[in-house]
Amino acid sequence: MIRHIFLGKARAEATPEQLEELCAAWRSLVGQVPGLRSLVAGRNISPRDQQYTVALVADLDDMGAWERYMQHPAHVAISQRLTSKLIHSDGRAMVQLVMEDQ
């Protein structure tokens with residue numbers, strides 16, 4: 001299993017409502033993308049570190065499923081409609097971890 005972690009820093013003009021819409025759109029991908037086992041997303045509520053505003057953690061079958069997720073039309077549509085408009089292009093971090101199946 002692969003765990004995909006995305007962190008994003010919101011643009012100054014992004015409203016809390018828009019960020020909630022983005023997180024809801026990400027969560028809606030479960031059931032649409034083959035190989036996407038689960039996905040949680042939300043706004044950073046830390047009182048200590050606000051370097052990143054939103055986070056996404058997705059579990060996928062393998063790296064092939066991750067590649068299909070990244071290219072899936074529903075994911076691309078969210079990226080174009082929301083992510084690219086709300087999240088700084090230079091304020092993003094992304095990692096993929098190999099996880100032991102539970």
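Values reported hereafter were calculated over all heavy atoms of this structure, with side chains retained and with hydrogens, waters and symmetry mates removed. Predicted, not measured: the structure shown is a model, and the values here were computed from it. Count residues from 1 along the sequence.
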>> I'd like to know whether Leu22 forms a side chain to side chain contact (heavy atoms under 4.5 Å, CB included) with Ile78, so could you lay out the CA-CA distance, the side-chain angles of the two residues, the decisive distance to 0.1 Å, and finally the verdict.
In response: CA-CA 8 Å; Leu22 172 60; Ile78 292 168; 4.0 Å; yes

>> Let me confirm one number: the CE-CE distance from Met63 to Met1, rounded to the nearest 0.5 Å.
In response: 13.5 Å

> What's the shortest heavy-atom distance between Ile87 and Gly8, and which atoms?
Replying inline: CG2-CA, 3.8 Å

> So do the side chains of Trp66 and Val33 get within less than 4.5 Å of each other, counting heavy atoms only?
Replying inline: no

>> Quick check for you: to the nearest 0.5 Å, what is the distance between Thr53 atom OG1 and Lys9 atom NZ?
In response: 7.5 Å

> How far apart are the C-alpha atoms of Arg3 and Val57, what are their side-chain angles, what is the distance that settles it, and do they pass the side chain to side chain contact (heavy atoms under 4.5 Å, CB included) test?
Replying inline: CA-CA 7 Å; Arg3 178 158 292 158; Val57 178; 3.6 Å; yes

>> Please evaluate residues Leu60 and His4 with respect to the criterion side chain to side chain contact (heavy atoms under 4.5 Å, CB included), reporting the C-alpha separation (whole Å), side-chain torsions for both, the decisive distance (0.1 Å), and the verdict.
In response: CA-CA 8 Å; Leu60 299 109; His4 168 67; 3.9 Å; yes

> Considering all heavy atoms of both residues, which atom of Tyr52 and which atom of Ala93 are nearest to each other, and what is their separation?
Replying inline: OH-CB, 3.6 Å

> Considering all heavy atoms of both residues, which atom of His72 and which atom of Pro34 are nearest to each other, and what is their separation?
Replying inline: CD2-CD, 4.1 Å

>> Nearest 0.5 angstrom please: Arg43 CZ to Gln50 CD, how far?
In response: 8.5 Å

> Do Met70 and Met94 touch side chain to side chain, with heavy atoms closer than 4.5 Å?
Replying inline: yes

> Parallel, tilted or perpendicular: which fits the ring planes of Phe6 and Trp26, with parallel below 30° and perpendicular above 60°?
Replying inline: perpendicular

>> Side chains of Arg92 and Thr83, heavy atoms from C-beta outward: is any pair under 4.5 Å?
In response: yes

>> Could you check whether Glu21 pairs with Arg81 (Lys NZ or Arg NE/NH1/NH2 to Asp/Glu carboxylate O, under 4.0 Å)?
In response: yes

> Between Leu56 and Val40, does a side chain to side chain contact (heavy atoms under 4.5 Å, CB included) hold up when you go through it step by step?
Replying inline: CA-CA 6 Å; Leu56 174 154; Val40 294; over 6 Å; no

